[in-house]
Number of protein chains: 2
Amino acid sequence: MAKRPSKRTNDPEGLRRRILDIAAELFQSRGYHATSMHDIQAEAGVTGGALHHHFATKKALGMAVIKERVFRQVEETWIQPVQAAKSAAEGIRTVFKGTIAELDQRGRVLGCPVNNLAIELSLADADFRQALHGVFQAWRDAIAQKLRDERNKDVDPEALATFVVATFSGALALAKTEQDTAPIRACAKQLAQALPIRR
Amino acid sequence: MAKRPSKRTNDPEGLRRRILDIAAELFQSRGYHATSMHDIQAEAGVTGGALHHHFATKKALGMAVIKERVFRQVEETWIQPVQAAKSAAEGIRTVFKGTIAELDQRGRVLGCPVNNLAIELSLADADFRQALHGVFQAWRDAIAQKLRDERNKDVDPEALATFVVATFSGALALAKTEQDTAPIRACAKQLAQALPIRR
DNA sequence: TCCAAAACAGGTCAATCGTCCTGTTTATAA
DNA sequence: TTATAAACAGGACGATTGACCTGTTTTGGA
């Protein structure tokens, strides 16, 4: 018995994931306000009904992007590598090197996903600010914890972790404006001198 | 003879300056895309005709804000103080300290004006990117030149200057998201250790 | 005094924004 | 099978956006 050619197959999780992926991509490359719901609709290939079904408002979509995409990116590119490294300094160096290599390979520098949204949305909405603050905090905490484990009395773990996060975010902002990884390389070099236990 | 009560007094330069001031303020606190021409019109107390007469497009207004306001802010808060300081390290420390004091006094942290616009506009428009790149360059050059004057063989002036600019921008982004100057203080402390000739 | 250009007033315009509506199809459990 | 809710289609909605237009007033040089 031949199956009637179904016109549609419901896949709520897959659709939701596709919308989130596209939204995260567009929010990073164009910014939140410069990306319209229609853009996301067209780019993801979904109808307005489907988009509204999964995310009733643009803010809900933005919050989901932060909590389910941006946070995960920070976990993957920073938190896990730092935890897995044999020392904080080693982990930080590795992440910088990896970032530079990845961006050199790709054409464009889009900047730091957390920082991009943080700057555009922190003052616009309290919920956005809190969510982004949480991402920064987790990022910083992972580095601080690694530094704490090393029990180096010359090191202030919290301050140094904040310093690393700030420098990375700033370096990517400069690289974005310059469309070149040179600023990141300069910061990686200078930061290496400021990190403990050179080896 | 009593003067006829004139309904209007033309003051093109004053009006232009007022529009630029308001636009710079709104672009910094709300962002470029989140600020409408109507917002600027209302906030500056000018008519649509006057606004359009001085700035035909929003982009033209944005470019003028970058070149005539943001650039000037960087000159005043960074370039001049660094040039006037007895050493680069001393100048950098002074600017950080001044920024912290100013922000602690004020309620809100709006972030770095250059960085705010750079992140939102660098990928959106080539002219914006170039203009903002120029501001970053002037900022960095001033610090690099001061470092070069000191002829310290252990210091790479360009790299260290980039490092300082990145750290400052990133620190203000963190402070903006946290609405607290703590990240800037942490960065100032860590940066001081990385600067040459501690005194 | 006269006149051309600049400065400004006040509103219109199509396009686009985010939201939401009604209807249809698909999946799920009884 | 049947009922019920979730998933999705496709557009409509009023509000707002940036641009710009015509008309009036002011200004400064001839």
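Every chain is numbered from 1 and lettered A, B, ... according to where its sequence line falls, protein lines coming before strand lines. Please read all numbers here as calculations on a predicted model, not as lab measurements.
At a non-hydrogen distance threshold of 4.0 Å, B/T35, B/S36, B/M37, B/H38 from residues 19-38 of chain B come into contact with DNA chain D. A heavy-atom distance below 4.0 Å to DNA chain D is reached by these residues of residues 53-60 of chain A, ordered by number: A/H53, A/H54.
Remark: P of C/dC13 and NE2 of B/H52 are 17 Å apart, rounded to the nearest angstrom. Distance, A/N10 CG to C/dA27 P: 5 Å, rounded to whole Å. Between the C1' atom of C/dA6 and the CG atom of B/D11 lies a distance of 14 Å, rounded to the nearest Å. Distance, A/Q41 CD to C/dC17 P: 11 Å, rounded to whole Å. With rounding to whole Å, B/L51 atom CG is found 13 Å from C/dA7 atom C1'. A/I40 has its CD1 atom 14 Å from the C1' atom of C/dT19, to the nearest Å. The separation between B/E13 atom CD and C/dA6 atom P is 15 Å, rounded to whole Å.
A donor-acceptor pair under 3.5 Å is absent between the side-chain atoms of B/N116 and the main chain of A/I119, judged by distance alone.
Note: the hydrophobic cluster containing A/M37 also contains A/L121 (ILVMFWY, side chain heavy atoms under 4.5 Å, direct or indirect links).
Ring orientation note: the planes of B/F96 and B/W78 are nearly perpendicular, at an angle over 60° on the 30°/60° scale. Between B/F163 and A/F163, the ring planes are perpendicular. Angles over 60° get that label, and only those under 30° would be called parallel.
Residue B/T9 has its side chain nearest to D/dT27 when only D/dT27, D/dC8, C/dC20 are considered.
A cation-pi contact, defined as under 6.0 Å to the ring centre and within 45° of the axis, links A/K58 to A/Y32.
Ring centroids of A/F168 and A/F136 are separated by 6.0 Å or more, keeping the two rings apart.
In summary, A/D141 and A/K146 do not engage in a salt bridge, as defined by a charged side-chain N under 4.0 Å from a carboxylate O.
The side chain to side chain donor-acceptor pair (under 3.5 Å) pairs that include a residue from residues 37-52 of chain A are A/R30-A/D39, A/S36-A/D39, where partners are two or more places apart or lie in different chains.
Within a 6.0 Å sphere centred on CD of B/Q130, heavy atoms belonging to other residues, nucleotides or ligands number 12 at most.
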